[in-house]
Amino acid sequence: MDKNSKFYQMRQKYISHPLQGFGAYLIYWLFAAMPVDMASNFGGWILRKIGTRLGQSKKARNNLRRAFPEKSAEEIEEIIAGMWEHLGRSAAEIPHLHKMQPGGPRIEIIGAEHGLASKDDGKAGLFFTGHIGNWEVSMCIASVLDMDMMSVYRAPDNPWVDGLFMRARKTFRGQLVKKGPDGARKLTRFMKEGGHACMLVDQKMSDGIAVPFFGRDAMTAPALAQFALKYDAPIIPVRVERLEGAHFRMTFYPALNIEKTGDRRTDIANIMTDVNATMESWIRERPEQWLWVHRRWPN
């Protein structure tokens with residue numbers, strides 16, 4: 001069916017979106033009714049069972065074979081099963097995000113001084129992370145550093161589902177802006193005023209720039225580097241990894257070393273190459289915690 005057709009758009013608006021939204025609400029409240037550990041365990045168990053049978057696993061399998069040619073078929077399948085388990089856990093933990101406080105028993109914080117250095121330097125700052133572990137936990141970066149922050153996110157196509165995510169993110173300190181032209185304008189104004197922003201940088205952007213990632217060029221969004229150069233803003237990597245069950249570690253790393261050459265295009269490419277290399281090193285350590293179903297590379 002043509003997704004640009006008027007019939008398809010009407011169908012999505014009046015039939016598919018409400019039905020899908022109702023199903024999402026049922027699942028959300030089912031997990032919300034459980035204790036957080038029970039929800040996480042159940043969500044991980046059920047998606048590990050069914051995820052490997054889904055068509056998306058073929059995409060993950062192809063990506064993994066190319067990223068890790070040295071791994072056996074059995075190792076690849078175990079990573080895929082682990083990926084689905086982490087996705088299931090992450091989905092089941094969404095209604096419980098407000099219970100996960102940084103520095104508490106569920107979120108260990110390491111290297112906060114690197115983020116605080118950006119807070120106190122009198123200029124704009126940038127933080128980046130990726131779809132690793134439960135990336136929704138990265139929403140508490142602003143709380144960890146006790147600062148206002150703007151976070152850019154890609155809104156789900158279904159507005160009902162988007163509403164559920166916004167409900168779960170109600171404890172986020174700062175502003176959430178949707179990815180797109182309007183969000184870019186808001187972020188530009190915020191950065192111009194010396195604000196701090198957080199971005200997830202590991203998704204494909206078709207009209208981005210080609211940057212190496214696991215030995216192959218991947219179309220990469222250059223916005224992080226563009227803002228850093230325009231506002232002389234430091235870039236701080238932040239890694240969120242799942243430790244065991246619904247327990248996480250958030251690690252702040254020293255700001256990237258940005259060396260300006262005088263050629264803006266070269267500087268953007270160099271920065272994003274460093275960003276992708278950082279993301280790759282995290283993923284190599286815990287490959288089952290990354291979202292391998294992305295169409296991250298050209299076929």
Side-chain angles (χ1 to χ4, degrees), residues 97 100-103 107-154 169 171-179 183-184 186-203 205 208 211 213 220-242 248-258 267-268 270-283 289-291:
L97 289 174
M100 301 182 185
Q101 299 302 316
I107 305 179
E108 173 189 355
I109 306 298
I110 294 178
E113 66 274 10
H114 300 304
L116 291 170
S118 173
K119 174 184 177 181
D120 300 327
D121 63 3
K123 56 185 179 182
L126 292 159
F127 299 81
F128 77 85
T129 188
H131 291 82
I132 302 175
N134 186 339
W135 51 92
E136 292 291 333
V137 172
S138 65
M139 289 290 174
C140 71
I141 290 175
S143 297
V144 173
L145 303 178
D146 189 27
M147 65 164 64
D148 291 328
M149 186 173 288
M150 182 171 283
S151 183
V152 182
Y153 77 101
R154 184 190 181 282
R169 295 165 178 161
T171 57
F172 171 70
R173 176 176 172 176
Q175 304 177 53
L176 290 167
V177 296
K178 296 180 180 180
K179 184 179 179 181
K186 290 180 180 178
L187 182 57
T188 299
R189 289 195 298 268
F190 190 67
M191 294 289 294
K192 189 175 181 180
E193 295 169 357
H196 294 76
C198 179
M199 301 181 185
L200 277 78
V201 297
D202 55 344
Q203 288 185 308
M205 182 177 180
V211 180
F213 189 52
T220 302
L224 184 74
Q226 292 169 342
F227 279 115
L229 293 171
K230 185 173 183 178
Y231 299 108
D232 191 28
I235 300 176
I236 295 92
V238 184
R239 178 185 187 184
V240 176
E241 55 189 316
R242 185 182 298 278
F248 306 89
R249 177 188 295 132
M250 177 181 289
T251 304
F252 293 81
Y253 293 87
L256 299 183
N257 182 29
I258 299 176
D267 290 344
I268 290 173
N270 288 343
I271 291 171
M272 296 315 301
T273 296
D274 199 1
V275 168
N276 276 8
T278 300
M279 290 295 310
E280 180 178 330
S281 69
W282 297 346
I283 296 166
Q289 293 197 20
W290 193 55
L291 195 60

| field | Audit row: Ile235, Phe227, side-chain contact (heavy atoms from CB on, under 4.5 Å) steps and yes/no | value | CA-CA 10 Å; Ile235 300 176; Phe227 279 115; over 6 Å; no
Considering only heavy atoms from C-beta outward, does the side chain of [X] approach that of [Y] to under 4.5 Å?
X      : Y      : result
Val275 : Thr220 : no
Met279 : Ile132 : yes
Leu126 : Met191 : yes
Phe128 : Asp202 : no
Met139 : Leu97  : no
Tyr253 : Thr278 : no
Trp282 : Pro237 : yes
Val177 : Phe190 : no

| query | Ignoring hydrogens and geometry, is there a side-chain-to-backbone donor-acceptor pair from Thr129 to Val238 under 3.5 Å? | reply |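 Yes.
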| Side-chain (Gln289) to main-chain (Glu241) donor-acceptor, under 3.5 angstrom |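 No: the side chain of Gln289 does not pair with the backbone of Glu241.
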Which atom names give the shortest non-hydrogen contact between [X] and [Y], and what distance separates them?
X      : Y      : answer
Gly115 : Met147 : O-CE, 4.3 Å
Ser143 : Pro102 : CB-CG, 4.2 Å
Tyr231 : Ala124 : CB-CB, 4.3 Å
Gly130 : Trp135 : O-CB, 3.5 Å
Pro222 : Met205 : CD-SD, 4.0 Å
Asn134 : Val240 : O-CG1, 3.8 Å

| Roughly how far apart are Asp121 CG and Leu116 CG, rounded to 0.5 Å? |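 Rounded to the nearest 0.5 Å, the CG-CG separation comes to 11.0 Å.
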| query | Given the rule in the side-chain contact (heavy atoms from CB on, under 4.5 Å) test, do Arg189 and Lys192 qualify, once you have shown the distances and angles that lead to the verdict? | reply | CA-CA 5 Å; Arg189 289 195 298 268; Lys192 189 175 181 180; 5.6 Å; no
| request: Could you walk me through whether Lys119 and Asp146 pass side-chain contact (heavy atoms from CB on, under 4.5 Å), step by step? | output: CA-CA 9 Å; Lys119 174 184 177 181; Asp146 189 27; 3.7 Å; yes
| Test ring pair (Phe, Tyr, Trp, His ring centres under 6.0 Å) applied to Phe213 - qualifying residues, sequence neighbours left out |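 Trp290, Trp297.
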| request: Might you work through the side-chain contact (heavy atoms from CB on, under 4.5 Å) test for Met100 and Cys140, ending with a clear yes or no? | output: CA-CA 9 Å; Met100 301 182 185; Cys140 71; over 6 Å; no
| field | Lys123 atom NZ: more than 12 heavy-atom contacts under 6.0 Å | value |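 Yes.
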